[in-house]
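Note on naming: letters A, B, ... go to the chains in the order of the sequence lines (proteins, then strands), and numbering restarts at 1 for each one.
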Protein chains: 4
Amino acid sequence: MTEPNAPDQPPPQTEAAPKFRRRKEARPDELLDAALALFTEKGFDRTRVEDIARRAGVSKGAVYLYFPSKDAMIEALVDRAVGGVAQSVAARLNDFNGDPRVLLRSLLPMVAAKLADPKVIAVPRLVVQEAGGHPRLAAIYRARVIDHVLPAARGMFARAVEAGHIRAIDPDLALRLVMGPLALHAIMDQVFDIHASGGTDFAAVFDGLLDILDAGLDPALPPVGGATPRKES
Amino acid sequence: MTEPNAPDQPPPQTEAAPKFRRRKEARPDELLDAALALFTEKGFDRTRVEDIARRAGVSKGAVYLYFPSKDAMIEALVDRAVGGVAQSVAARLNDFNGDPRVLLRSLLPMVAAKLADPKVIAVPRLVVQEAGGHPRLAAIYRARVIDHVLPAARGMFARAVEAGHIRAIDPDLALRLVMGPLALHAIMDQVFDIHASGGTDFAAVFDGLLDILDAGLDPALPPVGGATPRKES
Amino acid sequence: MTEPNAPDQPPPQTEAAPKFRRRKEARPDELLDAALALFTEKGFDRTRVEDIARRAGVSKGAVYLYFPSKDAMIEALVDRAVGGVAQSVAARLNDFNGDPRVLLRSLLPMVAAKLADPKVIAVPRLVVQEAGGHPRLAAIYRARVIDHVLPAARGMFARAVEAGHIRAIDPDLALRLVMGPLALHAIMDQVFDIHASGGTDFAAVFDGLLDILDAGLDPALPPVGGATPRKES
Amino acid sequence: MTEPNAPDQPPPQTEAAPKFRRRKEARPDELLDAALALFTEKGFDRTRVEDIARRAGVSKGAVYLYFPSKDAMIEALVDRAVGGVAQSVAARLNDFNGDPRVLLRSLLPMVAAKLADPKVIAVPRLVVQEAGGHPRLAAIYRARVIDHVLPAARGMFARAVEAGHIRAIDPDLALRLVMGPLALHAIMDQVFDIHASGGTDFAAVFDGLLDILDAGLDPALPPVGGATPRKES
DNA sequence: TATGAATGAGAGTTCATTCAT
DNA sequence: TATGAATGAACTCTCATTCAT
């Protein structure tokens with residue numbers, strides 16, 4: 001092309017000239033990044049707006065050019081983080097009709113990589129931390145993530161039981177079985193600074209978990225807990 | 001007569017009249033109960049000392065007769081809660097040399113009952129919630145609970161593998177597998193108000209989990225994750 | 001007698017021992033006095049809560065023990081000032097059936113004395129000053145004062161015209177004729193620091209005004225403005 | 001080009017097309033108009049510079065191209081409004097040697113029309129409202145208006161008494177008598193939204209007032225208030 | 001000229017903590 | 001012991017003013 005100079009590219013330099021041009025569009029994201037880091041580190045209430053501003057390299061007042069309040073920031077944070085992930089995961093779960101263990105193994109590398117990204121786990125952690133004081137956070141997260149993924153996962157497990165791919169198990173229990181170890185792994189790592197033998201490696205946990213489930217979910221085995229799946233409330 | 005019974009003086013009974021004659025010695029505990037309830041409900045920072053006082057039925061100033069600061073309260077809270085439980089559990093783990101699945105099944109009712117008590121789960125939840133802003137909380141909990149139970153559990157699993165009661169598995173992974181589902185169950189219940197088919201019943205989750213582990217940990221199976229247990233950091 | 005020491009009377013001194021005893025009940029009034037002085041002097045918005053507190057001899061925070069907000073103070077101020085005055089004036093107007101000029105002359109000393117008290121005129125002045133930014137102020141004043149006095153005055157004038165005590169005049173006009181000179185007198189005095197020959201003496205203005213009205217309202221004269229009294233909106 | 005008529009370019013007319021081609025010279029006035037409207041409506045302190053700018057159709061920064069500060073705007077506002085009016089009124093008063101009641105009747109239509117213009121009464125109202133916080137406002141208004149009109153009015157009344165056109169009356173009192181009802185009429189209308197039978201019609205008030213004065217100032221009557229005119233301070 | 005992003009001092013309000021009673 | 005009025009530091013949010021573009 002003869003016209004590569006997009007109007008936003010001053011000189012075709014390498015990439016980040018962070019102070020050459022005050023990029024209005026980038027500010028909100030930079031502020032949210034700063035806020036996320038600080039909220040996770042010290043908690044929402046103990047983080048001053050001025051801290052966020054300073055970390056993002058702007059003045060206190062500038063924050064309010066982009067967000068109407070501190071509360072709005074934490075909501076925007078969660079909102080931003082839950083973008084398309086939930087939908088795509090839910091879609092894959094809905095489309096799948098085989099053995100969950102196979103699906104989980106194929107999902108493993110992606111999920112492990114996602115969870116290893118500090119900016120990704122930080123958000124659910126934040127939600128858990130602050131949900132007490134900010135009921136809306138839990139509501140947002142639930143509406144945008146959980147309410148999409150949970151039914152999809154439940155359905156997927158139910159179909160797998162039905163089709164005889166795995167032994168009979170309450171889908172709600174199955175979900176807790178699969179995600180629980182990962183959650184606890186994250187909590188020990190982030191909250192208590194206790195790292196397993198394999199370090200902060202979600203893949204190892206996930207991998208070991210699947211090894212257990214390979215045998216533990218064998219369709220030849222009798223129903224788990226003797227329970228018949230019921231409706232979740 | 002000349003000595004009318006002041007309305008606050010009960011008939012001089014034995015003791016178990018928690019409403020009358022509960023003074024001095026009971027105060028700190030009543031304050032901690034009130035604090036725990038409020039901290040869990042609204043978070044530490046959003047709970048005012050006056051709220052705690054009012055809920056405990058005393059004046060704001062009285063709180064400072066028993067605790068030097070608000071921070072001291074949350075620490076005392078955690079301290080109190082982790083009393084002898086950890087030690088006794090750790091002791092049982094250390095003494096045990098058989099199949100973990102058997103131990104877990106025998107522990108099940110006790111553990112489930114404990115976790116169902118709101119005042120019990122409230123504390124770990126609080127620690128997770130507030131650890132960001134109060135690093136000492138995590139430290140206390142770790143020193144008083146985790147550092148006792150974790151090595152004991154790890155050793156118990158290691159011995160079980162060694163003795164061939166279960167297939168080879170990294171004890172750290174085993175721990176996450178066993179406790180993770182319970183942790184997630186609690187989080188979904190408390191934070192997101194999502195309750196499984198079986199309600200807020202830890203026993204059902206625990207029971208189902210053990211069904212899975214019965215098969216999944218069969219000693220005839222090859223090592224989990226192909227991993228050799230290493231030291232935890 | 002032998003027991004003169006009432007618990008509130010430290011030594012039987014003259015009267016005001018303002019710092020010996022922190023009189024909780026007096027605080028709100030002291031704060032309102034301070035607020036009234038400052039609001040009148042510098043305007044509501046340019047008065048800092050801390051200024052009020054300092055003037056009342058307390059700390060900034062103490063203000064909020066007595067008033068939930070700065071806005072609440074100005075409203076309380078107006079509320080307090082309009083106590084029973086309006087009612088009593090309205091009652092006298094309603095009860096009167098004679099010549100308004102007689103009534104006005106008898107009212108003169110009382111009204112003049114009232115208006116000469118700085119704490120009295122300060123309030124209507126404040127209302128006029130701040131009504132723009134605080135519509136509720138105007139509403140309070142109107143509800144508590146104007147809406148009582150105005151209809152009473154209107155009725156009184158109407159009856160006087162009817163009975164032939166004064167020439168026909170629109171009561172609304174009569175009201176403006178009587179009160180207007182006093183209002184302007186106050187404005188010139190307070191706002192522009194311009195004092196008439198007689199100083200800030202409302203009595204002189206009132207007196208002169210009545211001299212004019214004695215002749216100007218003579219019932220033998222034709223209707224004022226040729227207008228028939230109509231309803232006020 | 002065949003398409004010269006940009007929608008903003010009117011046919012090159014003479015001048016009186018205030019919507020098109022209003023640039024440079026008109027800006028300050030437009031800004032003051034916007035400021036006057038907003039100051040009157042919400043008060044000086046509660047009006048943001050940005051509000052003024054938006055109402056005038058320019059950016060916030062542009063305001064500072066024309067006025068050095070927000071304070072300067074309110075002063076300019078008052079300055080602008082008191083242009084030649086005061087001088088011309090003062091001149092007429094100074095030149096007049098007859099019966100004030102005649103003069104006032106001849107002035108009536110003009111004065112009533114002036115006061116009915118919202119942009120005219122808005123300024124004295126603003127001065128009264130904001131004088132507390134902006135002593136310079138009162139000073140400007142006094143220097144530019146009151147100090148011209150007041151002595152002229154006083155002289156005119158003094159001459160009229162001297163010449164026997166009206167009964168003896170303190171000119172300062174006379175002034176309050178004449179202007180007071182109009183002032184109160186405006187206050188009730190603007191501040192309390194209370195309108196007399198005749199609506200917001202200054203002419204009716206003025207007219208009725210003069211009817212009263214016709215009789216009340218009859219030169220045959222004895223001196224008003226028994227007072228001898230003295231110097232105003 | 002004109003824009004509007006950015007600044008930063010300052011205001012209202014809250015609340016842990018103290019202390020006279 | 002117990003109270004609760006009082007303090008004052010700290011925090012969120014606003015807005016007049018500046019300045020790079």
### First encountered from the 5' end of DNA chain E, between S59(A) and P68(C)
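Upstream on the strand: S59(A).
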Spacing of [X] atom [atom1] relative to [N] atom [atom2], expressed in whole Å:
X      : N       : atom1 : atom2 : result
Y64(A) : dG8(E)  : OH    : P     : 16 Å
D71(B) : dC15(E) : CG    : P     : 16 Å
F67(C) : dT14(E) : CZ    : C1'   : 18 Å
M73(B) : dT17(E) : CE    : P     : 11 Å
E30(B) : dT1(F)  : CD    : P     : 14 Å
L65(A) : dA16(F) : CG    : C1'   : 14 Å

Side-chain heavy atoms of [X] within contact of [Y], under 4.5 Å:
X       : Y       : value
V63(A)  : M73(A)  : yes
I140(C) : V127(C) : no
E75(D)  : L137(D) : yes
H134(B) : F44(B)  : yes

If I take atom [atom1] from residue [X] and atom [atom2] from residue [Y], how far apart are they, to the nearest 0.5 angstrom?
X      : Y      : atom1 : atom2 : result
K60(A) : E50(A) : NZ    : CD    : 5.0 Å
L32(B) : Y66(B) : CG    : OH    : 12.0 Å
L38(D) : I52(D) : CG    : CD1   : 6.0 Å
L77(D) : T40(D) : CG    : OG1   : 7.5 Å

### Task
Counting Watson-Crick and G-U wobble pairs whose two distances are both under 3.5 Å, find the runs of 3 or more in a row that involve DNA chain E.
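So the stems come out as E:2-21 with F:2-21.
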### Message
I want to verify a distance call: between dA2(E), dT3(F), dA16(F), whose nearest atom is closest to the K70(D) side chain?
### Response
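Of all the options, the side chain of K70(D) is nearest to dA16(F).
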### Query
On DNA chain F, nearest-nucleotide positions of S69(A) versus G61(B): which is more 5'?
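In this pair, the answer is G61(B).
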### Message
Ignoring hydrogens and geometry beyond distance, is the side chain of K60(A) in donor-acceptor contact with the base of dT7(E) at under 3.5 Å?
### Response
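It does not, because no donor-acceptor pair links the side chain of K60(A) to the base of dT7(E) below 3.5 Å.
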### Query
Under 4.0 Å between a side-chain N or O of R27(D) and OP1 or OP2 of dT1(E)?
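No, outside the criterion.
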### Under 4.0 angstrom between Y66(B) side-chain N/O and dA2(F) OP1 or OP2
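Checking dA2(F) against Y66(B), a side-chain N or O does come within under 4.0 Å of OP1 or OP2.
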#### Entry: DNA chain F-proximal residues of residues 33-55 of chain B, any heavy atom under 4.0 Å
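Hits under 4.0 Å, by residue number: none.
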### Message
Does anything in residues 31-47 of chain A form a salt bridge (charged side-chain N to carboxylate O under 4.0 Å, His left out)? List the pairs, not counting sequence neighbours.
### Response
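Qualifying pairs, neighbours excluded: D33(A)-R80(A), D33(A)-K119(A), E41(A)-R55(A), K42(A)-D51(A), D45(A)-R46(B), R46(A)-D45(B).
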